[in-house]
Amino acid sequence: MSAKIQAVRGMKDILPEQTPVWRYLEETVRGVLDAYGYWEIRLPIVESTELFKRSIGEVTDIVEKEMYTFQDGDESLTLRPEGTAGCVRAAIENGIIHNQVRKLWYQGPMFRHERPQKGRYRQFHQIGVEVFGLSGPDIDAELILLTARLWRQLGLLEHVQLQLNTLGSAEARSAYREKLVAYCRERFAELDEDSRRRLDSNPLRILDSKNPAMADLIQGAPQLLDHLDEPSREHFEQLTRLLEMGGVSYVINPRLVRGLDYYGRTVFEWVTDRLGAQGTVCAGGRYDGLVEHIGGRSTPAVGFAMGLERLVLLLTEGAVSRTELPLERYTPHAYFVAVGEAPERAALVLAERLRSSLPRLRLELNMGSGGFKAQIKRADKSGARFALVLGESELAEGQIGLKSLREEGDQRSFSEAELIDFLAGQIAS
RNA sequence: GUGGCUGUAGCUCAGCGGUUAGAGUUCCGGAUUGUGACUCCGGAGGUCGUCGGUUCGAAUCCGAUCAGCCACCCCA
């Protein structure tokens with residue numbers, strides 16, 4: 001054997017044993033988005049580096065040290081570290097948000113060069129939703145109601161908590177930031193190393209420090225909620241009222257600050273305590289200034305993204321037991337056992353006819369021969385409910401055997417027509 | 001970028017200076033000339049992460065390196 005080549009750090013294979021969970025999750029999300037009238041947009045994975053610098057912010061961790069950037073001729077390109085920037089770029093470039101409302105979603109891999117840990121990988125997958133052209137709290141509420149419905153459908157609602165905050169208008173926030181920075185500079189000696197760094201990069205983050213030595217300083221710090229502009233306060237109050245009417249409970253977390261520069265007003269996160277340190281499963285907020293900032297006409301916008309790895313983890317080991325997931329929809333209904341040369345040939349043809357007659361039938365035909373024992377074993381392992389059996393004697397009698405693999409009962413014998421009827425009934429149920 | 005823990009069969013792990021490195025599981029075959037999930041038997045499967053050092057002797061001790069996991073930072 002030659003030297004092994006392994007997957008690059010932080011980039012995980014999603015194995016066949018896992019893909020049914022992924023499909024279940026993705027299909028459920030798509031179903032909910034369809035139900036609310038959102039349209040899919042498919043976006044490139046590579047964008048110009050400048051796009052991310054301008055939208056995410058030059059001094060954020062993402063842009064400073066986490067981007068996969070490479071030179072292509074005289075252009076600097078970057079593997080997208082998040083989806084919003086590309087979506088906004090595409091929306092402007094194609095004129096689809098010019099003076100009109102758009103409700104969009106996208107899906108796919110994102111790349112950040114971070115140290116991997118539980119629920120965090122260098123290539124990870126998100127489904128993102130972005131709405132353009134609506135400035136009221138009603139759309140903020142709809143997005144949150146939509147996610148709440150999704151958690152309910154996935155059986156996750158009782159394992160996640162909605163945290164909510166408002167960052168106010170850009171003006172109010174930057175005024176507040178100055179006050180906070182001034183306060184921190186006054187008590188600079190009390191700041192830990194991380195917070196001194198945050199003072200320049202993201203001062204609002206200081207309030208979210210996990211260091212207990214900082215608790216005192218944080219206690220006495222000025223509060224963003226006390227510095228809100230009136231329209232933002234009104235927006236936030238209406239949003240919370242709508243959520244209450246919609247039956248979604250929330251916790252106001254004044255320390256909730258999204259990491260990306262473009263957020264303002266509403267921000268929210270769905271968090272869980274079941275995934276260790278990476279508890280955020282879905283997060284988003286309003287970014288009314290971004291479209292203009294990237295070169296479009298001033299357009300209000302709001303959106304969120306959910307991390308699929310984290311949701312899959314939550315589904316498989318965090319909250320729902322794996323046996324509760326409806327994964328049988330991804331295993332074959334029936335596994336076709338055919339022993340002997342003539343039966344094998346006949347089975348290949350018969351399997352094709354069955355698939356033609358029953359388009360929704362999932363039928364796996366045994367390949368690679370093998371005795372009855374081996375083939376029945378494979379049938380069992382495939383997860384199929386039934387084994388179809390064709391040996392020399394069935395072939396001679398023009399019958400097909402049907403053996404239930406999931407419950408007791410004798411093997412039955414069907415003609416082809418009877419078998420189609422029977423399977424049709426099984427598929428329907 | 002920083003810290004802690006861990007690298008032995010495809011997977012989960014035992015062995016922690018002394019024959020030819022083990023178990024469970026998985027896979028294949030048999031017990032049962034044509035029938036799975038339980039049982040029994042057999043077979044296949046290992047450069048003990050890599051490189052170097054100590055030693056008569058290293059999976060075992062030491063160093064370096066690489067990788068994985070978890071946490072910090074940050075984030076979905």
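These figures come from a predicted structure and were not determined experimentally. Values below: every heavy atom of this structure, side chains too, minus hydrogens, waters and symmetry copies. Chain identifiers are assigned alphabetically (A, B, ...) following the order of the sequence lines, protein sequences preceding nucleic acid strands; residue numbering begins at 1 within each chain.
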| query | Base, sugar-phosphate alone, or nothing: which one does A:R197 contact when heavy atoms must sit under 4.0 Å apart? | reply | sugar-phosphate

| request: Using whole Å, report how far CZ of A:F52 lies from P of B:C75. | output: 16 Å

| remark: Between CG of A:L313 and P of B:C69 the distance, given in whole Å, is 11 Å

| task | Return yes if some donor-acceptor pair links the side-chain N/O of A:R205 with the main-chain N/O of A:V257 below 3.5 Å, else return no. | result | yes

| note | For RNA chain B, the expected dot-bracket line (Watson-Crick or G-U under 3.5 Å, [ ] crossing, | inter-strand) is (((((((..((((....[...)))).(((((.......))))).....(((((..]....))))))))))))....

| task | Please evaluate the base of B:C75 for a donor-acceptor partner in the side chain of A:R310 within a cut-off of under 3.5 Å? | result | yes

| request: Verify side chain to side chain contact (heavy atoms under 4.5 Å, CB included) between A:D140 and A:F304, making sure each step is shown before the conclusion. | output: CA-CA 10 Å; A:D140 301 15; A:F304 67 83; over 6 Å; no

| task | Evaluate side chain to side chain contact (heavy atoms under 4.5 Å, CB included) for A:E309 paired with A:W22, printing each intermediate quantity in order. | result | CA-CA 9 Å; A:E309 278 80 1; A:W22 282 77; 3.6 Å; yes

| Under 4.0 angstrom, heavy atoms only, what part of the nucleic acid is A:A379 near: base, sugar-phosphate, or nothing? | nothing

| request: Quick one: label A:Y121 by what it contacts on the DNA or RNA (base, sugar-phosphate, nothing), any heavy atom closer than 4.0 Å. | output: base

| message | Please give the distance between the P atoms of B:C69 and B:U8 as a whole number of Å. | response | 14 Å

| task | Examine the side chains of A:E142 and A:Y38 and answer whether a donor and an acceptor come within less than 3.5 Å of each other. | result | yes

| Heavy atoms under 4.0 Å, any strand shown: does A:V281 hit a base, just sugar-phosphate, or nothing? | sugar-phosphate

| task | Would you kindly say whether A:Q399 and A:S413 are connected by a side-chain donor-acceptor distance under 3.5 Å? | result | yes

| said: In whole Å, I'd like the distance from the CG atom of A:L308 to the P atom of B:A76. | reply: 13 Å

| message | Surrounding CD of A:E178 (heavy atoms of other residues, nucleotides or ligands, distance under 6.0 Å), is the total greater than 12? | response | no

| Would you say the side chains of A:Q278 and A:Q117 form a donor-acceptor pair under 3.5 Å? | yes

| What is the distance, rounded to the nearest whole Å, between atom CD of A:Q6 and atom C1' of B:G7? | 12 Å

| query | Counting any heavy atom closer than 4.0 Å, what does A:G340 reach on the DNA or RNA strands: base, sugar-phosphate only, or nothing? | reply | nothing

Distances under 3.5 Å between nitrogen or oxygen atoms of protein and nucleotides 1-3 of chain B:
residue, atom, partner, partner atom, Å
B:U2, O4, A:R115, NH1, 2.7

Using atom names, set out every protein N or O paired with an N or O of nucleotides 35-38 of chain B below 3.5 Å, distance rounded to 0.1 Å.
residue, atom, partner, partner atom, Å
B:U35, N3, A:Q411, OE1, 2.6
B:U35, O4, A:Q411, OE1, 3.3
B:U35, O4, A:Q411, NE2, 3.1
B:G36, OP1, A:K373, NZ, 3.3
B:G36, O2', A:D380, OD2, 3.3
B:G36, N1, A:L405, O, 3.1
B:G36, N2, A:D380, OD1, 3.1
B:G36, N2, A:L405, O, 2.2

| request: In whole angstrom, give the distance that lies between atom CZ of A:F268 and atom C1' of B:C75. | output: 15 Å

| request: Looking at every strand, decide which applies to A:Q375 at a 4.0 Å heavy-atom threshold: base, sugar-phosphate, or nothing. | output: nothing

| task | In whole angstrom, give me the gap between the P atoms of B:G46 and B:U32. | result | 32 Å

| Residue-phosphate contact under 4.0 Å: A:R205 side-chain N/O, B:C75 OP1/OP2 | yes

Just list the side-chain donor-acceptor pairs under 3.5 Å for residues 338-347 of chain A, sequence neighbours left out, or say none.
residue, atom, partner, partner atom, Å
A:E344, OE1, A:S369, OG, 3.3
A:E344, OE2, A:S369, OG, 2.8

| Rounded distance (Å) that lies between atom C1' of B:C75 and atom CG of A:D61 | 9 Å

| remark: Residues A:P116 and A:R9: closest non-hydrogen pair is CG-CG, 3.9 Å

| field | Phosphate-side-chain proximity, A:Q117 and B:A71, N/O vs OP1/OP2 below 4.0 Å | value | yes

| task | Please determine, by modelled atom types, if A:H333 and A:R385 share a side-chain donor-acceptor pair under 3.5 angstrom. | result | no

| query | Tell me: NZ of A:K65 to C1' of B:C74, nearest whole Å? | reply | 7 Å

| message | In whole Å, measure the gap between the C1' atoms of B:G30 and B:U20 for me. | response | 27 Å

| request: In whole angstrom, give the distance that lies between atom CG of A:L275 and atom P of B:C70. | output: 11 Å

| field | Full working for side chain to side chain contact (heavy atoms under 4.5 Å, CB included) between A:N366 and A:F336 | value | CA-CA 6 Å; A:N366 183 76; A:F336 204 151; 5.9 Å; no

| field | Inter-nucleotide C1' distance (B:C62, B:U55), Å rounded | value | 12 Å

| task | Take the angle between the ring planes of A:F132 and A:Y287 and call it parallel below 30°, perpendicular above 60°, tilted in between. | result | perpendicular

| message | Under a plain distance cut-off of 3.5 Å, with no hydrogens placed, do A:R198 and A:S195 share a side-chain donor-acceptor pair? | response | yes

| task | Could you tell me whether a side-chain N or O of A:Y176 sits under 3.5 Å from a main-chain N or O of A:P222, the two making a donor and an acceptor? | result | yes

| field | RNA chain B-proximal residues of residues 28-35 of chain A, any heavy atom under 4.0 Å | value | none

| task | Quick one: which residue pairs count as a ring-ring contact (aromatic ring centres under 6.0 Å, His included) with a foot in residues 393-416 of chain A, not counting sequence neighbours? | result | A:F414-A:F422

| P atoms of B:U60 and B:G53, separation to the nearest Å | 14 Å

| Rounding to the closest angstrom, what is the interatomic distance between B:C61 and B:G29 at atom C1'? | 44 Å

